Amino acid sequence: MRRTHRCGDLTASHAGQHAILQGWVHRQRDHGGLIFIDLRDRAGIVQVVFNPEITPDAHKVASEAHGEYVLEIEGPVSLRPAGTENSDLPTGAIEVVAIRAEVLNPSLPLPFEVSRDADLDESLRLRYRYLDLRRERMKNNIVTRAKVVKTMRDYLDERGFIEIETPILTKSTLEGARDYLVPSRVHPGEFYALPQSPQQLKQILMVAGLDRYYQIARCFRDEDQRGDRQPEFTQLDLEMSFVERNDVLELMEELYIRIAETCSQRKLMAKPFPRYSYEEALRRWGSDKPDLRFGVELVDLSDEVGETTFNAFSAVLAAGGVVKGIVAPGWASLTRKETDALIDQAKQFGAKGLVTLAVEADGLRGGAAKFLSEQETGRIVARSGASLGDMLLIVADQPLVAADVLGRLRLEVGRRCNLIDDNLLAFGWIIDFPLMEWLPEENRWTFMHNPFCSAIVMDADAIRANPGGIASNQYDLACNGYEVGGGSIRIHKPEIQRVIYELMGYSKEETEASIGHMLEAFEYGAPPHGGIATGLERTVMLMVDEPNIREVMAFPKNQSAQDLLMNAPSGVDERQLRDLHIGLHLG
RNA sequence: GGGCUCGUGGUGUAGUGGCCAAACAUGCGGCCCUGUCAAGGCCGAGAUCGGGGGUUCGAAUCCCCUCGAGCCCGCCA
């Protein structure tokens with residue numbers, strides 16, 4: 001290797017050393033006489049100075065170099081002349097005085113500027129991802145991601161975990177997201193599925209006695225994109241034998257504290273992480289992944305309007321619903337148009353409507369105000385703690401709907417009122433989820449977390465008798481409004497596992513076809529076990545304060561699941577399809 | 001599948017019916033310039049305003065269709 005130093009590593013302590021550097025032209029400043037080039041490599045930027053009177057050949061190379069040319073330069077590392085130091089640059093005390101320069105490779109004019117942090121069209125960035133990744137912000141994100149992964153590996157290794165890989169070509173599951181399928185050449189008409197997570201195999205590893213497993217696991221889900229969702233993503237997946245819920249929680253909490261303290265500028269809002277039951281999280285913040293960085297908690301106003309003649313409230317209360325609200329500070333000044341937009345948003349979130357009541361000097365203003373008695377409005381204001389100039393946002397609906405809609409509106413309020421401190425990481429555990437949830441459209445039960453999650457009371461008859469009322473051993477890690485991860489203490493007794501599938505509406509045959517291999521494994525001395533999986537990208541997003549999962553992946557796909565750099569997906573050769581016994585029926 | 005927002009020189013923006021045969025910054029080309037660090041100064045090239053159709057005396061601007069992008073809802077054990 002010819003290079004002697006990395007550009008960004010040079011400091012005053014290197015002064016006097018002879019350096020050979022290789023890197024990219026970040027910027028060039030041509031003074032006609034002197035030329036300055038900021039040379040950049042992964043470590044950073046250093047100024048190189050070219051003097052035409054001393055080294056005319058090197059100066060000529062520098063004068064022809066443009067942005068992103070790859071240069072090799074050679075010369076002494078020198079303290080800068082007094083008064084020309086640049087304190088903004090880590091290498092600003094020194095410069096390299098070039099005595100020789102060579103263009104290793106030129107660059108075409110760029111489709112966008114690497115040396116500038118600008119908001120660019122994303123399809124352009126993705127098409128030229130190799131240029132995008134040269135930008136400071138993206139480089140930092142990718143480096144931080146590597147640091148997070150290394151922290152995870154080091155930490156789990158210290159605690160006796162072993163990293164085990166599980167197959168990428170695996171079996172399709174009945175429940176969950178849509179699978180990515182891979183046709184089998186050897187078995188016509190049969191398919192592998194890419195794993196949505198290594199869930200079943202990690203449990204089988206526990207049966208295998210491997211005791212403490214982890215994996216930085218790639219997962220695939222063929223669902224539509226979101227800001228925090230990609231078709232393929234990475235999880236920290238782990239599983240432990242002979243543990244209880246608290247063992248997993250404490251293990252993960254210590255890991256995430258270490259990650260936050262070593263990989264992020266942001267500060268932990270609380271440690272240890274607070275724990276809230278699912279019921280409390282929904283009641284107070286309207287979400288099972290609440291953003292705990294700000295208040296604006298939900299208020300139950302059902303009692304305050306219990307006797308009301310206002311039909312929108314009384315009808316809902318009579319049907320077993322609730323009337324709940326939040327206080328938006330200062331929103332009494334919202335225009336009619338803004339208020340209408342808010343109501344539309346509430347409807348999009350699933351509410352039948354939204355009652356807005358502005359707190360003004362002479363009472364409450366809003367469409368519903370005239371239907372409420374003075375006593376009622378007085379009680380509402382008192383209970384909610386709303387002050388002059390605030391606006392009450394009230395939803396009357398079934399408890400889950402009201403909580404969900406207000407939870408989303410709460411985030412909107414937090415954002416728009418600048419109540420959120422960007423510098424904070426507010427982790428919290430959400431525990432005591434219900435084991436199962438009723439699907440009215442399908443007339444059956446389904447699991448809340450995954451079908452392998454155990455109940456706190458592991459009694460087959462009790463579960464059968466009241467599936468929705470049984471508390472489970474599920475736990476989620478939430479942070480700043482994201483679900484970072486979730487896990488559970490699992491079912492390790494085959495007869496209990498069968499009850500769950502029975503409640504989900506599967507026949508004995510369907511159950512055997514789907515998870516017969518696991519049920520069989522559990523007959524051979526399965527240890528009690530539990531684990532968790534957290535999203536790596538979401539973790540890194542939180543550490544570097546990025547709002548989008550694509551910013552922490554080297555080569556993400558766009559909103560329509562395309563890779564714009566490689567141009568995937570793409571058509572394939574007829575011959576490949578024949579080999580796979582695939583015929584196309586395009587609509 | 002649905003809703004919302006956006007699409008103007010290479011890039012990022014301004015322009016919301018005539019003042020626009022489109023402006024600014026940056027990048028690009030040329031010239032000048034020996035201590036800059038987003039170097040500076042002067043000159044120049046570069047856009048049929050995503051595409052198609054319509055309304056109008058007149059359209060980047062209004063309407064319809066279409067393509068593309070992003071965000072959200074549905075979906076996501």
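Just so it is clear: chains get the letters A, B, ... in the order the sequence lines come, proteins before strands, and each one is counted from 1. Bear in mind that the values here come from a model prediction, so they are computed numbers and not experimental data.
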Which value, in whole Å, describes the distance between the [atom1] atoms of nucleotides [N] and [M]?
N: G15(B); M: C71(B); atom1: P; result: 25 Å
N: G3(B); M: U8(B); atom1: P; result: 24 Å
N: G51(B); M: G10(B); atom1: P; result: 12 Å
N: G44(B); M: C6(B); atom1: C1'; result: 33 Å
N: A39(B); M: A59(B); atom1: P; result: 43 Å
N: G41(B); M: A22(B); atom1: C1'; result: 26 Å
N: C72(B); M: G30(B); atom1: C1'; result: 50 Å
N: U16(B); M: A60(B); atom1: C1'; result: 9 Å

Partner set under side-chain hydrogen bond (donor to acceptor under 3.5 Å, both in side chains) for T173(A), not counting sequence neighbours:
none
For [X] and [N], what is the distance between atoms [atom1] and [atom2] respectively, to the nearest whole Å?
X: D30(A); N: G41(B); atom1: CG; atom2: P; result: 15 Å
X: Q559(A); N: G74(B); atom1: CD; atom2: P; result: 15 Å
X: L110(A); N: U11(B); atom1: CG; atom2: P; result: 12 Å
X: D119(A); N: G7(B); atom1: CG; atom2: C1'; result: 16 Å
X: R178(A); N: G1(B); atom1: CZ; atom2: P; result: 11 Å

Does [X] put a side-chain nitrogen or oxygen below 4.0 Å from OP1 or OP2 of [N]?
X: H31(A); N: G40(B); result: no
X: N558(A); N: A69(B); result: yes
X: S123(A); N: G68(B); result: no
X: H26(A); N: A38(B); result: no
X: R127(A); N: G68(B); result: no
X: R29(A); N: A39(B); result: yes

Does anything in residues 469-497 of chain A pair up under ring pair (Phe, Tyr, Trp, His ring centres under 6.0 Å), and if so which pairs, sequence neighbours excluded?
none
Tell me if the side-chain of E95(A) makes a donor-acceptor pair with the base of G35(B), cut-off 3.5 Å, by modelled atom types.
yes
On a plain distance test, is the side chain of R116(A) in donor-acceptor contact with the base of A38(B) below 3.5 Å?
yes
Any residue in residues 217-235 of chain A with a heavy atom nearer than 4.0 angstrom to RNA chain B? Just list them by number, or reply none.
R221(A), E223(A), D224(A), R226(A), G227(A), R229(A)
Please list, in numerical order, the residues of residues 75-84 of chain A that have a heavy atom closer than 4.0 Å to any atom of RNA chain B.
R80(A), P81(A), T84(A)
Ignoring hydrogens and angles, tell me if any N or O in the side chain of R129(A) forms a donor-acceptor pair with the backbone of A554(A) under 3.5 Å.
yes
Hey, is [X] close enough to [Y] for a salt bridge, meaning N to O under 4.0 Å?
X: R229(A); Y: D224(A); result: no
X: E64(A); Y: K60(A); result: yes
X: E495(A); Y: R498(A); result: no

Just say parallel, tilted or perpendicular for the rings of Y278(A) and F433(A), cut-offs at 30° and 60°.
tilted
Please work out if Q345(A) contacts a base, only the sugar-phosphate, or nothing of the nucleic acid, heavy-atom cut-off 4.0 Å.
nothing
Starting the side chain at C-beta, find the nucleotide from G2(B), U26(B), C33(B) nearest to Q348(A).
G2(B)
Out of G35(B), A39(B), G29(B), whichever nucleotide has its closest atom nearest the side chain of Q47(A)
G35(B)
Is it true that the side chains of [X] and [Y] contain a donor and an acceptor less than 3.5 Å apart?
X: D179(A); Y: Q196(A); value: yes
X: Q215(A); Y: T166(A); value: yes
X: R218(A); Y: T234(A); value: yes
X: E546(A); Y: N141(A); value: yes

Hey, does the Lys NZ or Arg CZ of R134(A) hover above the aromatic six-ring of Y128(A), less than 6.0 Å from the centre and inside 45° of the axis?
no
Charged tip of R245(A) within 45° of W429(A) ring normal and under 6.0 Å
no
Check salt bridge (charged side-chain N to carboxylate O under 4.0 Å, His left out) between K352(A) and all other residues, then give those that pass, not counting sequence neighbours.
D397(A)
Taking Watson-Crick (N1-N3 plus N6-O4 or O6-N4) and G-U wobble (N1-O2, O6-N3), each under 3.5 Å, can you produce the dot-bracket string of RNA chain B? Use [ ] for crossing pairs and | for inter-strand ones.
((((((((.[[[[.)..(....]]]].(((((.......))))).....[[[[[..)....]]]]])))))))....
Evaluate whether the aromatic ring of F36(A) and the six-membered ring of the U36(B) base sit under 5.5 Å apart, centre to centre, with an inclination under 30°.
yes
